[in-house]
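For the single chain, residues carry numbers from 1 onward in sequence order. Every number for a ligand or one of its atoms is a count from 1 in the order of the listing.
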Amino acid sequence: MAQKIVAGNWKMNLDATSAQQLISEVIHMTNDEYQGDAQVIFSPSFPFLGMVNHQIKDHERFHLSAQNLHQEEKGAYTGEVAGAMLKSVGCSYVIIGHSERRQYFHEDNALLAKKIDVALTNGLKPIYCIGETLEERNAGKTLQVNERQLSEGAFHLSGDAFSQLVIAYEPVWCIGTGVSATPEDAQEVHASIRQLIEDKYGKEISLNTTILYGGSVKPHTAPELFAQKDIDGGLIGGASLKSRDFVDIIKAFA
Ligand code: 13P
């Protein structure tokens, strides 16, 4: 069975004080209100990783993720952050291939494959993001685009290495727009992603792969999304910045 996960991607938001307060509220509310076995991941900006790690480290449910890493191990890359650095400040996950990185920073599948490799080498679990634009969806290319991003970014891995990945399906037209894919539409894509993984790595690995949905997930939409057979949780943007909303999304697992 795939691990259930709710991950909050803060993107380029919050400052140290508000970040610290948000974490403390989410920990307390979750401990009080949620007894299930979902894991919760926080993905703050680089400057807050150490602080957030300090706040969550005694709470088994909570894990730390970075939003990006550089594809080289180390060296003269001013302004960049290496996998080993992330590991050393307590990260266990790293988001790779978010559509904002693909769109604004021109990261392509070949580069993302390298980032996945360097993450794994450093003991970080990649949360690998895929998803089609509205244009691609309207052209009937949804499955094709997702297949390509998945296979070119991650299918060079061995089965053991692939088993470390979390996949996040984030339709680009749903991110930050307030428009969510319907649970049925999302389920259809998730099922096709799981099938691709089964075709490549076999049934056991496919069933054990966590496939998150992301794109305008809110407390009122999460229960129906998370009830879908192939949706194992969410990658949450805007709603992860409000403790009440984020905890209500965690509680959306039946
Ligand atoms: P929103 O939840 O704000 O749409 O963002 C989704 C996302 O991009 C998470 O990575």
Side-chain angles (χ1 to χ4, degrees), residues 4-14 18-19 22 26 38-46 48-49 52 63-69 86 91-105 107 112 115-116 119 124-134 136-137 142 145-146 149-150 153-154 165-183 185-186 189-190 193 210-226 228 231-253:
K4 304 287 183 204
I5 292 175
V6 174
N9 174 11
W10 293 359
K11 308 190 181 182
M12 199 172 73
N13 292 296
L14 305 180
S18 52
L22 177 60
V26 171
Q39 304 258 300
V40 177
I41 300 173
F42 294 108
S43 192
S45 303
F46 292 133
F48 311 140
L49 288 171
V52 172
H63 303 272
L64 187 64
S65 171
Q67 297 175 15
N68 183 31
L69 85 174
L86 300 176
C91 287
S92 41
Y93 292 87
V94 57
I95 297 174
I96 293 178
H98 193 281
S99 63
E100 289 149 16
R101 301 289 323 167
R102 292 178 186 264
Q103 188 182 347
Y104 304 137
F105 302 94
E107 298 192 355
L112 298 171
K115 291 193 176 204
I116 287 177
L124 298 164
K125 297 180 185 198
I127 301 173
Y128 180 51
C129 302
I130 60 176
E132 80 286 355
T133 63
L134 188 57
E136 289 161 343
R137 170 161 284 253
T142 297
V145 168
N146 284 287
Q149 292 176 342
L150 188 62
L165 263 62
V166 169
I167 304 298
Y169 168 57
E170 297 207 310
V172 180
W173 48 280
C174 298
I175 296 177
T177 58
V179 179
S180 170
T182 64
D185 282 349
V189 180
H190 278 239
I193 293 168
T210 297
I211 308 176
L212 305 178
Y213 169 79
S216 296
V217 178
K218 305 292 176 209
H220 69 280
T221 60
E224 221 187 319
L225 285 163
F226 293 180
Q228 304 301 312
I231 299 183
D232 304 308
L235 180 55
I236 320 298
S240 74
L241 300 172
K242 296 181 193 134
S243 54
R244 182 70 270 161
D245 284 0
F246 192 53
V247 174
D248 283 346
I249 290 171
I250 297 166
K251 288 162 67 183
F253 286 112

- Message: With side-chain contact (heavy atoms from CB on, under 4.5 Å) as the test, pick out the partner of I41 among N9, V6, I95, I127.
- Response: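 That would be I127; it is the only one of N9, V6, I95, I127 passing the side-chain contact (heavy atoms from CB on, under 4.5 Å) with I41.
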- Query: Between I116, V166, L112, which is the residue that forms a side-chain contact (heavy atoms from CB on, under 4.5 Å) with P126?
  - Reply: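 It is I116; the other options fail the test.
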- Query: Atom CD of Q67 and atom OG of S45: how far apart are they, to the nearest 0.5 Å?
  - Reply: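 The CD atom of Q67 sits 4.5 Å away from the OG atom of S45.
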For [X], atoms of ligand 1 separated by under 4.0 Å from a heavy atom:
{"X": "I175", "answer": "4 (O), 5 (O), 8 (O)"}
{"X": "S216", "answer": "1 (P), 2 (O), 4 (O)"}
{"X": "C174", "answer": "4 (O)"}
{"X": "N9", "answer": "9 (C), 10 (O)"}

- Under 3.5 Å, N or O to N or O, is G215 touching ligand 1 that way?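 Min N/O separation from ligand 1 is not below 3.5 Å for G215.
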- Query: Is atom NZ of K242 surrounded by more than 12 heavy atoms (other residues, nucleotides or ligands) closer than 6.0 Å?
  - Reply: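 No, NZ of K242 has 12 or fewer neighbouring heavy atoms, counting only those of other groups under 6.0 Å.
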- Give the residue, atom name and distance (to 0.1 Å) of the protein heavy atom nearest atom 2 (O) of ligand 1.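 Ranked first by proximity to atom 2 (O) of ligand 1 is G237 N, 2.9 Å.
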- Query: Among protein heavy atoms, which sits nearest to atom 3 (O) of ligand 1, and what does the distance come to when rounded to 0.1 Å?
  - Reply: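 The closest one turns out to be G238 N, 2.8 Å.
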- Message: Go through it in stages, so that I can follow the logic: the residues are E170 and H98, the test is side-chain contact (heavy atoms from CB on, under 4.5 Å), and I'd like the CA-CA distance, side-chain angles, deciding distance and then a yes or no.
- Response: CA-CA 8 Å; E170 297 207 310; H98 193 281; 3.0 Å; yes
- Task: Pick, from K11, K218, E170, Q67, the option with the minimum heavy-atom distance to atom 5 (O) of ligand 1.
- Result: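 That would be K11.
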- Given L22 and F42, is the side-chain contact (heavy atoms from CB on, under 4.5 Å) satisfied, shown in steps? CA-CA 10 Å; L22 177 60; F42 294 108; 5.8 Å; no
